[in-house]
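Below: one structure, written as structure tokens.
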Amino acid sequence: MNHKSQFKTKYIFITGGVVSSVGKGLTAASLGALLQSRGYSVTIMKCDPYLNVDPGTMSPFQHGEVFVTEDGAETDLDLGHYERFIGTNLSRAHSVTAGQIYDSVISKERKGEYLGGTVQVIPHITNEIKNRIIHASQGHEIAIVEIGGTVGDIEGLPFLEAVRQLRSDLKIGNSILIHVTYVPFIKAAGELKSKPTQHSVKELREIGLQPDFLVCRSEKPLDASFRKKTALFCSVEPETVIEARDAETIYEVPLMLNREKLDRLALQKLCLAVPPANLQGWKKVVTHLKSPKRSVTIAIVGKYVDLKESYKSLHEALIHASIPNQVHLDIRYIDSEQITNKKMGHLLKSVRGILVPGGFGPRGVEGKMSAIRFAREHKIPFFGICYGMQLAAIEFARNVCGISNAVSREWVEEDDYQASCVIDLIPEQKQHTLKGGTMRLGAYSCRLKENSIAHREYRRTKISERHRHRYEFNNNYRSLFEKHGMVFSGIYEDRDLVEIIELKDHPWFVGVQFHPEFKSRPLQPHPLFVGFIRASLKA
Ligand code: GLN
């Protein structure tokens with residue numbers, strides 16, 4: 001392979017050792033933010049060793065949130081971290097799974113592209129991985145490549161072998177390897193232990209990879225003797241043993257890693273200049289998050305409330321919105337299946353804003369609609385996202401417009417003509433497949449109605465937001481709803497689809513068919529979330 005022309009990009013590979021969930025993603029994202037703050041153009045990608053072709057069909061219970069990119073890829077939630085930290089949009093190319101790799105190698109084999117040769121992990125799978133890494137990094141000065149899983153996992157081996165080959169193709173000075181490990185503190189000995197790190201570095205070396213940096217997750221500070229000892233055993237320099245303590249807020253991690261000089265040392269090892277870092281924005285974010293002026297309680301009424309990871313972007317978007325509002329958010333997750341009209345007052349006591357997030361399936365919808373009704377009738381700020389918007393429309397149909405059999409097509413059989421499907425498949429979708437139709441995925445434009453809440457919050461009339469849903473508002477109900485006080489304030493004009501609904505006689509009742517949380521960033525909080533929190537503070 002000849003990669004020469006693309007080799008202008010410098011590479012930072014990130015692996016993880018000892019245990020999973022050590023925060024590789026956060027390290028990658030934070031380092032990306034730091035390098036960007038020094039003026040470099042940075043991209044980040046994730047290679048996941050599992051065999052699913054994409055995480056779209058994986059249960060949120062197992063895998064956390066599905067993050068959607070502008071181009072409509074359903075990706076791992078780490079891509080959300082990356083976008084939030086580096087502030088640029090990523091694409092399908094930045095989320096690679098072993099499933100995709102094998103899928104494309106096997107389909108090439110079926111087409112005869114390997115001319116009858118034996119198709120093997122090395123070089124066919126590894127070449128496919130290398131090509132994808134190179135493709136995703138094009139046009140950037142620095143590409144950060146996170147390898148999912150933990151070193152030692154069987155399924156991660158082809159990815160690590162591809163990294164080994166790439167590093168040698170790239171030649172010295174053009175790539176670095178950062179190994180993120182866990183350093184336990186043993187109370188009885190009163191000591192941090194480096195042995196697990198040593199073993200995981202040994203494992204890396206066995207497959208031909210020598211890390212340049214060790215990012216050590218630990219509860220206690222790393223002292224000089226720990227750094228020296230670990231450096232000696234792992235063949236790195238003591239200053240490249242980087243401390244990564246648990247942070248009060250994740251947005252402090254870039255500043256912490258900067259204090260440890262990770263970004264400066266990384267640039268030096270990549271033979272790049274070290275221009276000054278502009279960290280003003282990050283410092284402001286952290287100061288605001290740590291010194292809020294007051295507090296407000298917001299309820300998230302959903303199905304996966306036990307697993308906060310499945311609402312990751314949503315949670316972060318709320319945190320971002322708390323920054324300009326200078327408020328601490330007490331976010332109360334309420335399981336919609338626990339909601340009954342009797343318990344409502346108790347469950348939502350002292351709640352100043354109610355948010356119903358996206359979701360799928362009929363489970364728990366009645367509870368969500370009871371919460372929406374409560375917000376509507378008691379004039380509590382309400383923010384409905386995707387399913388939350390659809391349910392707000394159904395609740396309105398039932399309790400305001402008097403359509404008692406209002407439902408979503410999602411809950412009834414395709415040929416059930418008795419039900420009033422306020423939320424339905426659009427005609428083109430019905431022809432598409434027998435079951436369900438296709439999903440609307442990725443960015444779509446939306447025209448806002450002048451002087452609506454949405455228009456006031458966005459301060460623009462044309463916006464673009466990301467989608468991930470199958471069903472739409474049924475336009476046959478539009479004029480009836482309008483008569484009863486609903487405002488259709490956002491429309492996707494090309495197909496005349498409803499994107500935003502609002503209520504006239506309510507301080508802040510907004511339902512959106514898209515997922516605004518995917519585009520919120522700490523340095524640029526999303527206007528609708530900012531508006532929702534502002535309204536909640538006034539409630
Ligand atoms: N279940 C709904 C649909 O498919 C909403 C999806 C969502 O909230 N992401 O249209």
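As the structure lists them, so they are numbered: ligands from 1, and atoms in each ligand from 1. Predicted, not measured: the structure shown is a model, and the values here were computed from it.
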* To do: Test side chain to side chain donor-acceptor pair (under 3.5 Å) on Q513 and Y444 and set out the steps.
  => CA-CA 11 Å; Q513 185 58 83; Y444 285 84; over 6 Å; no
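- Using a 30° and 60° split on the angle between ring planes, H81 and F85 fall in the perpendicular class, above 60°.
- Between W411 and Y387, the ring planes lie perpendicular to each other; the angle is over 60°, past the 30° to 60° tilted range.
- Atom CD of E377 has more than 12 neighbouring heavy atoms from other residues, nucleotides or ligands inside a 6.0 Å radius.
- Aromatic ring orientation, H515 versus F518: tilted (interplanar angle from 30° to 60°).
- Residues in residues 527-539 take part in these salt bridge (Lys or Arg N to Asp or Glu O under 4.0 Å) pairs, two or more places apart or across chains: E457-R534.
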Taking a 3.5 Å cut-off between nitrogen or oxygen atoms, can you list every pair linking ligand 1 to the protein, with distances?
{"from": "ligand 1", "atom 1": "1 (N)", "to": "G359", "atom 2": "O", "distance (Å)": "2.9"}
{"from": "ligand 1", "atom 1": "1 (N)", "to": "E410", "atom 2": "OE1", "distance (Å)": "2.7"}
{"from": "ligand 1", "atom 1": "1 (N)", "to": "E410", "atom 2": "OE2", "distance (Å)": "3.2"}
{"from": "ligand 1", "atom 1": "4 (O)", "to": "R470", "atom 2": "N", "distance (Å)": "3.0"}
{"from": "ligand 1", "atom 1": "8 (O)", "to": "G359", "atom 2": "N", "distance (Å)": "2.9"}
{"from": "ligand 1", "atom 1": "8 (O)", "to": "G359", "atom 2": "O", "distance (Å)": "3.4"}
{"from": "ligand 1", "atom 1": "8 (O)", "to": "Y387", "atom 2": "N", "distance (Å)": "3.0"}
{"from": "ligand 1", "atom 1": "9 (N)", "to": "R468", "atom 2": "O", "distance (Å)": "2.8"}
{"from": "ligand 1", "atom 1": "9 (N)", "to": "H515", "atom 2": "NE2", "distance (Å)": "3.1"}
{"from": "ligand 1", "atom 1": "10 (O)", "to": "Q390", "atom 2": "NE2", "distance (Å)": "3.1"}
{"from": "ligand 1", "atom 1": "10 (O)", "to": "R470", "atom 2": "N", "distance (Å)": "3.0"}
{"from": "ligand 1", "atom 1": "10 (O)", "to": "Y471", "atom 2": "N", "distance (Å)": "2.8"}

